[in-house]
Structures are given as structure tokens and as C-alpha cells.
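Notes for the one structure printed next.
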There are 2 protein chains.
Amino acid sequence: MPAVSDCINMLDSETKAVETPEDHAEELRLWLRLLTCTTLIEGEVRGRLRQRFDVTLPRFDLMAQLDKAPDGMTLSDVSKRMMVSNGNVTGLVERLVESGHLDRRTSETDRRVQVIRLTKLGRAEFRRMAAEHETWIADLFADLTPKDVRELMRLLAKTKASAQKSAGRRRP
Amino acid sequence: MPAVSDCINMLDSETKAVETPEDHAEELRLWLRLLTCTTLIEGEVRGRLRQRFDVTLPRFDLMAQLDKAPDGMTLSDVSKRMMVSNGNVTGLVERLVESGHLDRRTSETDRRVQVIRLTKLGRAEFRRMAAEHETWIADLFADLTPKDVRELMRLLAKTKASAQKSAGRRRP
DNA sequence: CCGAATTGCTTTAAGCCTAAAATGTTTCCC
DNA sequence: GGGAAACATTTTAGGCTTAAAGCAATTCGG
């Protein structure tokens with residue numbers, strides 16, 4: 001219950017109360033736990049991909065994006081989807097074209113645009129890796145009940161929306 | 001409800017049913033959403049740290065670990081806590097010693113061990129950054145109710161335990 | 001004791017990643 | 001049409017990250 005003096009402060013604030021020096025320790029702990037979970041799982045997946053298939057996680061992620069887009073994607077599309085910088089994608093694609101997993105061609109209608117696709121080899125290898133990858137994920141989350149999974153999905157969707165809104169406030 | 005043939009299969013499996021080619025699509029979607037949330041927030045924090053304080057996220061994370069350990073930590077401790085490789089810490093520490101934020105000395109009792117601490121400057125700068133950092137996190141999670149936060153904490157704790165168990169099965 | 005593991009850290013080689021600047025292309029609009 | 005703005009990508013410079021190999025120092029077992 002805010003004190004009267006706080007209510008006065010709240011008036012000249014925009015959307016959120018100024019509030020007395022509040023701690024937000026809970027949110028901080030939540031963020032650290034979220035980060036820990038992701039780092040843990042990501043490290044495990046990275047290691048398994050390397051050991052079983054001698055492939056890096058970024059390469060796998062890029063191929064996963066392309067597997068869902070049979071007609072190919074532009075580098076910008078990939079960059080947005082993967083939430084990484086443009087320059088990053090350039091190098092990643094370079095190496096995957098080199099190894100024969102990707103096909104890259106300049107768009108006929110817009111010469112700025114590069115369209116990339118999985119090659120036959122790339123698709124076959126990705127499918128093989130993805131099948132096993134799915135079992136790893138299932139195993140990593142094995143102790144969660146279906147209800148836990150649903151609830152986490154819901155709360156993470158809410159988290160994502162909240163974070164996007166906050167990021168948008170800063171970068172409109 | 002598993003079919004009879006599945007139950008037979010379940011008998012010769014260890015802890016978890018073999019089950020017919022199961023899809024696990026829900027767990028996969030959960031993992032991708034978890035990753036998206038983390039990437040989104042991490043990117044936002046990284047950008048703000050750079051713009052406001054001209055500091056990188058890994059440097060900030062390292063300083064955060066040391067702020068909680070007034071008597072210092074060994075590089076191994078830091079490596080475990082941050083869940084990054086040893087070699088990574090070596091370089092990170094090198095740069096932070098160089099910039100005057102960290103103090104590094106060899107342990108008196110075990111000459112293999114390097115103990116690092118925040119310098120006065122390092123601690124002061126970290127505290128300044130951490131205060132603002134906490135408000136960013138609060139803002140990014142602003143749409144979650146206290147109940148949401150509690151529930152997420154609980155489910156992520158369960159997720160972490162599940163993933164650790166799974167990782168441990170592979171690397172005992 | 002003393003050699004064999006183990007431990008703590010660093011080095012190496014390769015790749016990932018970002019922000020910012022640069023380059024070439026297209027679109028917009030006057 | 002012609003210049004300005006917007007766009008897609010690449011380049012650049014620097015830092016982060018990992019796995020694996022290497023080097024000391026310590027501990028352990030006989």
C-alpha cells in the first residue's frame with residue numbers, strides 16, 4: 001500500500017509509479033534463473049551437436065531456419081529470425097556454402113538481396129541431426145509434466161511480450 | 001493413454017518409456033521460447049550497458065560475481081559460477097585488471113591459484129551500474145504479476161533440476 | 001618418499017558475435 | 001529525370017567463446 005506522498009509522486013510520472021527506492025530483487029533473481037536455465041541447456045546441446053555431428057550450434061540454428069523455408073530466405077530474414085547481427089549471418093552463411101550445405105544466389109528482381117536455401121546434402125544432414133536433437137530436448141525437459149510445459153509456455157509468452165514492450169519503449 | 005504394445009516396450013527400457021516415435025514438439029517449442037526470451041532480454045541489457053556505461057555484458061557479469069565475494073574468488077570459482085570455460089575467464093580478467101577494475105594475486109598457500117577481487121574503482125563502478133541495471137530488469141519484466149514471477153521461479157527451478165539431471169546422466 | 005594422477009590456469013586455433021562504417025541498389029518524391 | 005532516403009549486404013575492428021593441448025603446482029597411493 002503506497003503512502004500518500006508516493007501517490008503524489010505517481011501523478012507526475014508517466015505510466016509507472018516512481019515509488020520509493022524499490023528493490024526489484026525478485027525480478028533480478030528471476031532473470032538470473034532464466035539465464036542459468038538457458039545457458040545450461042544451450043551448453044548441453046552445443047556439446048552434443050559437436051560430439052555427435054561435429055557441427056556448431058549457430059550452424060544448426062541457421063539450418064533449422066532454412067528447413068522451415070523451402071523457398072529460401074534472405075539474409076535479413078535470417079538475421080531477424082535468429083536475432084543476431086547482419087554481419088554475423090554473412091560469415092555463417094559463407095562457411096555453410098563452403099561446406100556444401102547451403103546454396104546462395106542473388107535475387108533476380110532485386111540485386112541487393114541474397115537468397116539462401118539448404119542444398120540436398122544440407123537438408124539431409126539437418127533432418128538427421130534434428131531428429132536426434134529433439135530427443136535431447138525431450139530428455140532435458142523430462143521432469144516437467146505436460147501441465148508444467150503448458151504453464152511455462154504461457155508465462156514465457158507473457159515475459160516475451162513484456163520485454164518486447166519495454167525494449168520498444170526505448171527504441172521506437 | 002499408451003497402447004498395450006507401448007507398455008510392453010516400456011518394460012525393457014530403464015527409467016523412461018521407449019514409446020512409439022513420439023513427437024516431443026511441445027518441449028521443442030518450449031525450448032525455443034525460452035531461448036527467445038533470454039536472447040531478447042540479454043540483447044537489451046547488453047545494448048544498454050554499452051550505451052550507458054560503455055561496458056560489455058561479460059565484464060559486468062564477472063564484476064557481479066566478485067561483488068558478492070568480498071574476499072575474492074579464484075578463476076575456477078568464477079568459471080563455474082559463470083558457466084563459461086576457463087580460458088574465457090583468463091582473458092576477461094586480463095582486460096579488467098588492465099582497466100583497473102580488478103586486482104589479481106597469487107594465493108600464498110597454493111601457487112597454482114589466482115585470487116581476484118574488485119578494486120575500489122571496480123566496486124564503485126559496478127555498484128553504479130548495478131543500480132541502474134536492476135531498474136532495466138524490473139522494466140523488462142514489468143507486465144508480470146508477483147504471482148507470475150513466483151510461478152516462473154518455481155517452474156524454472158524445476159527445469160534447471162531436470163536439465164542438470166539429464167546432463168549428469170551423460171557426463172557422470 | 002616418489003611417481004602418477006589431479007588441479008588451476010594459460011595458450012592456441014578456430015569460430016562466433018557485435019556495432020559501426022562502407023558499398024551497392026532500389027525506391028520515393030519533387 | 002534526379003537527388004535523397006531507405007534498404008540489403010559486406011567489411012572492419014575488437015572482443016567473446018570454446019575445446020583441446022600444455023604447463024606448473026599439489027595431492028595421493030604405494
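First the proteins, then the strands, lettered A, B, ... as listed; each starts at 1.
Between the side chain of A:Ser79 and the backbone N or O of A:Leu75, no donor-acceptor pair lies under 3.5 Å. Looking at A:Ser166, its side chain never comes within 3.5 Å of a backbone N or O of A:Ser162 through a donor-acceptor pair. Listed for the A:Thr36 side chain is a donor-acceptor partner under 3.5 Å among the backbone atoms of A:Leu32. Under the 3.5 Å distance criterion, the side-chain polar atoms of B:Arg117 are matched with a main-chain donor or acceptor of B:Asp71.
Considering only the side chain of B:Thr90, C:dC9 comes nearest among D:dT10, C:dC16, C:dC9. Of the candidates C:dC16, D:dT11, D:dT17, the closest approach to any side-chain atom of B:Leu92 belongs to D:dT17. Closest contact between the side chain of B:Glu94 and the listed nucleotides C:dT10, C:dT11, D:dA8 involves C:dT11.
Annotation: proximity of residues 57-73 of chain A to DNA chain D (heavy atom, distance under 4.0 Å) is found for no residue. Residues of residues 101-118 of chain A that place a heavy atom closer than 4.0 Å to DNA chain D, in numerical order, are A:Arg104, A:Arg112, A:Val113, A:Gln114.
In the model, A:Gln114 has no side-chain atom that pairs as donor or acceptor with a side-chain atom of A:Ser107 under 3.5 Å. No side-chain donor from either of A:Asp103 and A:Thr119 sits under 3.5 Å from a side-chain acceptor of the other. Checked by atom type, the side-chain pair B:Asp77/B:Thr74 shows a donor-acceptor distance below 3.5 Å.
Across all strands, A:Ser79 comes closer than 4.0 Å to no nucleic acid atom at all (heavy-atom distances). Within the 4.0 angstrom heavy-atom criterion, only backbone atoms of the sugar-phosphate kind lie near B:Thr74; the bases stay farther away.
Contact annotation: A:Ser76 side-chain N/O to D:dC7 OP1/OP2 distance is not under 4.0 Å.
In this structure, A:Leu49 places its CG atom 15 Å from C1' of D:dA19, rounding to the nearest Å.
The side chain to side chain contact (heavy atoms under 4.5 Å, CB included) test applied to A:Arg154 returns A:Glu151, B:Asp148, not counting sequence neighbours. Qualifying ring-ring contact (aromatic ring centres under 6.0 Å, His included) partners for B:Phe60, counting only residues two or more places apart in sequence or in other chains: B:Phe126, B:His133.
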With the criterion being N/O to N/O and under 3.5 Å, what pairs connect the protein with nucleotides 18-23 of chain C, and how long is each?
unit_1, atom_1, unit_2, atom_2, d
C:dT18, OP2, A:Ser85, N, 2.7
C:dT18, OP2, A:Ser85, OG, 3.0
C:dT18, OP2, A:Asn88, ND2, 3.4
C:dA20, OP1, B:Arg50, NH1, 3.3

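One finds a salt bridge joining A:Arg46 and A:Glu42 here, because a Lys/Arg side-chain nitrogen approaches an Asp/Glu carboxylate oxygen to under 4.0 Å.
Listed by first and then second residue, the side chain to side chain donor-acceptor pair (under 3.5 Å) pairs involving residues 89-98 of chain A amount to none (not counting sequence neighbours).
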